[in-house]
Amino acid sequence: MKKILTDLFQKSLTTNDNNYFTSEQIKNKWIGNLPATEKEIAETEIRLGIKLPADYKEFLKIANGYPTYNDAVEPSFEKINQIEYLKNFDPDMIKIWSQKQTEDIGKELNKSIIVAGKQEEQWFLLIPPTDKNDKWKYWKFASWIPGEIEYKNLTEYFLDTINGIE
């Protein structure tokens, strides 16, 4: 995960849109925040009432969030203390997607945790499993896509993001 994030951050710095970064981030070639502590992660899990997926916690221990290289394409990852259930952040979005034609998406959004893009046009969501046999879902979501783009895990998302940077 550390190598993938290093590659993502360094490639992000080579774009024409690197005005999202500070001079220190550019100098250090690292756009991520300082790592989250075990205590911060545990406090968030208690606050949310859920154990977060292992790969997301691994990411947090490397970089506790990071800004996007281009807010029109990829969301900025929030610090651990800023993540929350989407139903608390934007209940209207859940209401919209809970209509007859899109009620399955609405059900997923209702239990999702927004971990990236809170102030942007697209979000990255973690969706907890419904039962022990299910796995976490990883969605990039924006109403203009429309709907979700699902990833197998966080690593797949980061690799896809690296490949999308020109």
Side-chain angles (χ1 to χ4, degrees), residues 1 4-5 8 11-12 15 17 20 31-33 36 40-166:
M1 175 78 72
I4 291 169
L5 288 174
L8 172 60
K11 194 165 183 186
S12 296
T15 69
D17 287 335
Y20 295 95
I31 64 172
N33 297 322
E40 289 172 311
I41 294 169
E43 287 172 348
T44 298
E45 289 180 324
I46 291 168
R47 175 174 55 85
L48 296 175
I50 197 162
K51 291 286 184 192
L52 295 166
D55 61 346
Y56 178 64
K57 291 193 279 191
E58 180 184 1
F59 157 71
L60 291 168
K61 292 175 187 176
I62 298 168
N64 186 8
Y66 67 90
T68 181
Y69 71 93
N70 179 337
D71 67 0
V73 178
E74 298 302 331
S76 296
F77 273 73
E78 308 292 335
K79 290 183 178 181
I80 185 70
N81 63 355
Q82 298 297 313
I83 71 169
E84 61 185 301
Y85 283 100
L86 183 60
K87 63 185 172 188
N88 298 332
F89 178 71
D90 193 343
D92 290 335
M93 184 64 71
I94 293 167
K95 212 181 281 185
I96 290 167
W97 284 91
S98 294
Q99 305 300 314
K100 284 190 179 197
Q101 300 295 326
T102 57
E103 61 191 319
D104 290 342
I105 292 174
K107 287 178 185 176
E108 295 296 305
L109 292 176
N110 191 51
K111 62 183 182 176
S112 68
I113 301 167
I114 183 168
V115 298
K118 286 175 73 176
Q119 305 306 318
E120 298 160 354
E121 295 179 10
Q122 59 283 321
W123 303 327
F124 196 83
L125 306 170
L126 300 178
I127 304 170
T130 304
D131 63 47
K132 291 182 182 181
N133 296 326
D134 288 340
K135 295 180 180 181
W136 281 83
K137 293 180 182 176
Y138 300 79
W139 281 12
K140 179 178 169 184
F141 184 85
S143 57
W144 53 265
I145 291 177
E148 80 284 355
I149 299 171
E150 188 166 351
Y151 294 89
K152 288 185 273 186
N153 53 44
L154 204 52
T155 298
E156 182 184 51
Y157 170 74
F158 289 143
L159 289 171
D160 188 57
T161 302
I162 291 169
N163 291 332
I165 298 173
E166 296 177 3

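For Tyr157 and Phe59, the gap between ring centers reaches or exceeds 6.0 Å.
Note that CG of Leu8 is 11.0 Å distant from CE of Met1, once rounded to the nearest 0.5 Å. Leu86 CG to Glu108 CD: the interatomic distance, rounded to the nearest 0.5 Å, is 12.0 Å.
Applying the salt bridge (charged side-chain N to carboxylate O under 4.0 Å, His left out) test to every pair with at least one member in residues 140-155, sequence neighbours left out, gives these pairs: Glu74-Lys140.
Between Glu78 and Gly117, the shortest heavy-atom distance links the atoms OE2-N, 3.6 Å.
Looking only at distances, a side-chain donor or acceptor of Glu45 sits under 3.5 Å from a matching main-chain atom of Leu52. Although no hydrogens or angles enter the test, the distance criterion places a donor-acceptor pair under 3.5 Å between the side chain of Asp131 and the main chain of Asp134. Looking at Ser112, its side chain never comes within 3.5 Å of a backbone N or O of Ile127 through a donor-acceptor pair. Judged by distance alone, with hydrogens and angles left aside, the side-chain atoms of Asn64 form a donor-acceptor pair with the main-chain N or O of Ile80 at under 3.5 Å.
Ring geometry for Phe141 versus Trp123: interplanar angle under 30°, hence parallel rather than tilted (30 to 60°).
Ion pairing between a basic and an acidic side chain is recognised when a charged N comes within 4.0 Å of a carboxylate O; Lys79 and Glu40 show no such pairing.
Of the listed residues (Ile113, Leu126, Ile114, Leu60), just one forms a side chain to side chain contact (heavy atoms under 4.5 Å, CB included) with Ile83, and that residue is Ile113. Under the side chain to side chain donor-acceptor pair (under 3.5 Å) rule, Ser76 has a single partner from Glu120, Lys118, Gln119, which is Glu120. Applying side chain to side chain contact (heavy atoms under 4.5 Å, CB included) to Tyr151 and the options Leu154, Asn153, Ile149 leaves one that passes, Ile149.
Ile50 places a side-chain heavy atom less than 4.5 Å from the side chain of Tyr85.
Thr161 and Lys11 are not linked by any side-chain donor-acceptor pair at a separation below 3.5 angstrom, with hydrogens and angles left out of the test.
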Residues Leu109, Trp139; criterion side chain to side chain contact (heavy atoms under 4.5 Å, CB included); working and verdict: CA-CA 10 Å; Leu109 292 176; Trp139 281 12; 4.1 Å; yes
